[in-house]
Structure formats: structure tokens, C-alpha cells
Amino acid sequence: MKFLKWSLITVVVLGLLLVFVGMPYMQEQTKKHSPEKTATYSQNGMDLSVHYSSPSKKGRVIFGELVPYGVVWRTGANEPTTFTTGGDMTILDKKLPAGTYSLWTRPEASEWQVMFNKEVPDWGVTVLSGGKETTRDPEQDVVQVTVPATTTAQPVEQFTISFEEDGQLKLCLSWDQTKVSVPLNQ
């Protein structure tokens, strides 16, 4: 009976150490390799921000290999990328109410599906799948749009999200030799 009691106490203590020491340590280590970044846009009555973690290419083939085609990606590293709008807006022809959303993508060679989801999960992927399966609930998608993927002139080393304006405001995602632009309107 004493052995069972001590075994149970040992398992509980190890579990608590994993949750309160191991997980924060792992998150800190991954953020060294994929630093957190924020892109903001505050003009023309729009107040937008995107918070994401920015992994590096490091000589790898990104789209089609590291990030497989046809599979939902949490769009960055570590926690899911968040998109915040201070007011209602339109993405292509779809309404997105003011709020904070998780940003998900399904890359393909010639086009990407971009999804804005009401839920912002803690990690965004399941640990047991080794990060291959997301925790996104498709029922919570508020907006889904499909946009073309273009090739960049030079490889982009770090995954980058930015706002660009050329007569049309766009949310741009760039990494390796791929760039995706999502048109945004008030």
C-alpha cells in the first residue's frame, strides 16, 4: 500500500513539474527560434493589428514540404496568429465584425484559403500529433476567402506578416518564395 501511495505521489509531482516548469520552458525555447512580432495599421479609420511568431527558413523548402499543401496551418509558429480589428470591415466581399480572431491558412501552390476564426486556442496544434493537426474548430470560422499565391523575386528568410497599400490595403503573408495578399476594406 505504501508503494502505491508513493508511486501516485511521484506521478502527480512529475505531472505538475511538467505543466508548471516543462511547458513554460519549451515555450520560451521555441520563441527564441521563432520570435513574436506584431504588424499594425492605423490609418483611414482602420485600426488593425496582427500578432504572430516568425519562424525562419534555415535552408528548408517551406511550402509543400515543411508546411504541406492542402493542410490547415496555424500560420506561424508557437501560438496561433491573431488578427484584431477595431471596427467592422470587409475581406473581399465578406463582413468581419470588430474583434480578435485566430488566423488560419490552407496553402496550395497557386492559391491559399485564409480563415478568420472566433476562437483563439492556447497552442493551436495537438501535442500528440507532433504539431501536424490543428485545434481549429471550422464551425467557428467567421470569414473564409481564397486568394492567389505569388512568387517573390528573392526568398524571404523569416515568415513575415505586413500591411501594404497600393491603392488597396492588403494583409500580406510572405515566406520562402511565396507571398499571399488578402484585400481589406472598411
Side-chain angles (χ1 to χ4, degrees), residues 31 33-58 60-121 124 134 136 138 140-186:
K31 289 183 182 188
H33 301 289
S34 301
E36 292 182 338
K37 295 189 175 186
T38 301
T40 59
Y41 179 86
S42 228
Q43 293 178 22
N44 305 324
M46 295 180 86
D47 188 20
L48 309 172
S49 70
V50 179
H51 186 77
Y52 66 104
S53 290
S54 177
S56 296
K57 178 174 167 44
K58 297 180 186 173
R60 302 174 288 187
V61 174
I62 302 302
F63 299 108
E65 289 191 21
L66 180 67
V67 178
Y69 288 133
V71 177
V72 174
W73 178 42
R74 68 178 159 183
T75 315
N78 306 324
E79 298 86 8
T81 294
T82 58
F83 178 90
T84 302
T85 175
D88 295 351
M89 62 182 304
T90 304
I91 299 174
L92 288 176
D93 60 346
K94 301 187 178 174
K95 299 285 184 194
L96 183 71
T100 297
Y101 302 90
S102 55
L103 180 68
W104 305 85
T105 53
R106 180 178 287 116
E108 295 288 354
S110 61
E111 65 183 18
W112 284 26
Q113 186 177 40
V114 181
M115 296 141 307
F116 296 81
N117 189 287
K118 284 190 245 183
E119 296 180 339
V120 181
T134 68
R136 170 183 153 260
Q140 299 301 314
D141 287 349
V142 178
V143 168
Q144 283 189 16
V145 295
T146 301
V147 293
T150 59
T151 302
T152 60
Q154 297 292 321
V156 177
E157 177 62 27
Q158 271 196 300
F159 176 61
T160 304
I161 299 178
S162 61
F163 293 100
E164 296 179 9
E165 249 184 310
D166 61 358
Q168 166 73 58
L169 177 63
K170 296 174 185 164
L171 173 68
C172 297
L173 296 86
S174 305
W175 198 18
D176 197 359
Q177 291 193 284
T178 300
K179 181 175 182 179
V180 174
S181 300
V182 182
L184 307 174
N185 295 299
Q186 222 167 357

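- The side-chain heavy atoms of Glu36 and Glu79, taken from C-beta on, include a pair separated by under 4.5 Å.
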Side-chain donor-acceptor contacts of residues 86-96 below 3.5 Å, not counting sequence neighbours, with atom names and distances?
unit_1: Asp88; atom_1: OD1; unit_2: Ala98; atom_2: N; d: 2.9
unit_1: Lys94; atom_1: NZ; unit_2: Gln144; atom_2: O; d: 2.8

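- With Pro107 as the fixed residue, the side chain to side chain contact (heavy atoms under 4.5 Å, CB included) test singles out one of Thr178, Thr75, Val67: Val67.
- Taking both residues in full, the closest heavy atoms of Tyr41 and Glu165 are given as OH-OE1, 3.1 Å, listed atom of the first, atom of the second, then distance.
- Using cut-offs of 30° and 60° on the angle between ring planes, the pair Tyr101 and Phe116 is perpendicular.
- Of the inter-residue distances, the one linking Trp73 atom CH2 with Trp112 atom CH2 reads 5.0 Å to the nearest 0.5 angstrom.
- Using modelled atom types, no side-chain atom of Ser53 and backbone atom of Gly76 make a donor-acceptor pair closer than 3.5 Å.
- Once rounded to the nearest 0.5 Å, the distance linking CD of Glu111 with OG1 of Thr150 reads 13.0 Å.
- Side-chain contact between Glu65 and Asp176 is absent, with no heavy-atom pair separated by less than 4.5 Å.
- Taking 4.5 Å as the limit, some side-chain heavy atom of Ile62 sits within range of a side-chain heavy atom of Lys57.
- Nearest approach of Tyr69 to Ala109, heavy atoms of both residues: CE2-N, 3.4 Å.
- Ring geometry for Phe83 against Phe163 counts as tilted: the plane angle lies between 30° and 60°, on a 0 to 90° scale.
- Side-chain contact between Glu157 and Lys58 is present, with heavy atoms from C-beta onward closer than 4.5 Å.
- In this structure, Gln113 contributes its side chain and Val145 its backbone to no donor-acceptor pair below 3.5 Å.
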- request: In sequence, state the C-alpha distance, the side-chain angles, and the governing distance for Asn185 and Gln168, and then conclude on side chain to side chain contact (heavy atoms under 4.5 Å, CB included).
  value: CA-CA 8 Å; Asn185 295 299; Gln168 166 73 58; 3.2 Å; yes
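- The two residues Ser56 and Arg60 come nearest to each other via the heavy atoms O-NH2, 2.5 Å.
- A 4.5 Å side-chain heavy-atom check between Thr160 and Tyr52 finds at least one atom pair inside the cut-off.
- Listed by chain and residue number, Thr100 satisfy the side chain to side chain donor-acceptor pair (under 3.5 Å) test with Thr84 (two or more places apart in sequence, or in another chain).
- Looking at every heavy atom in both residues, Lys179 comes nearest to Ser174 through CG-OG, 3.5 Å.
- Gln177 and Ala153 get closest at one heavy-atom pair: NE2-O, 4.3 Å.
- Taking the side chain as every heavy atom from C-beta outward, Ser102 and Gln140 never approach each other to under 4.5 Å.
- Summarising the geometry, atom NE2 belonging to His51 is positioned 10.5 Å from atom CD1 belonging to Ile161; distances are rounded to the nearest 0.5 Å.
- Residues Ser49 and Thr38 share a closest heavy-atom pair of CB-CG2, 4.5 Å.
- The side-chain heavy atoms of Leu173 and Phe159, taken from C-beta on, include a pair separated by under 4.5 Å.
- Counting only heavy atoms from C-beta outward, the side chains of Met46 and Leu48 approach each other to under 4.5 Å.
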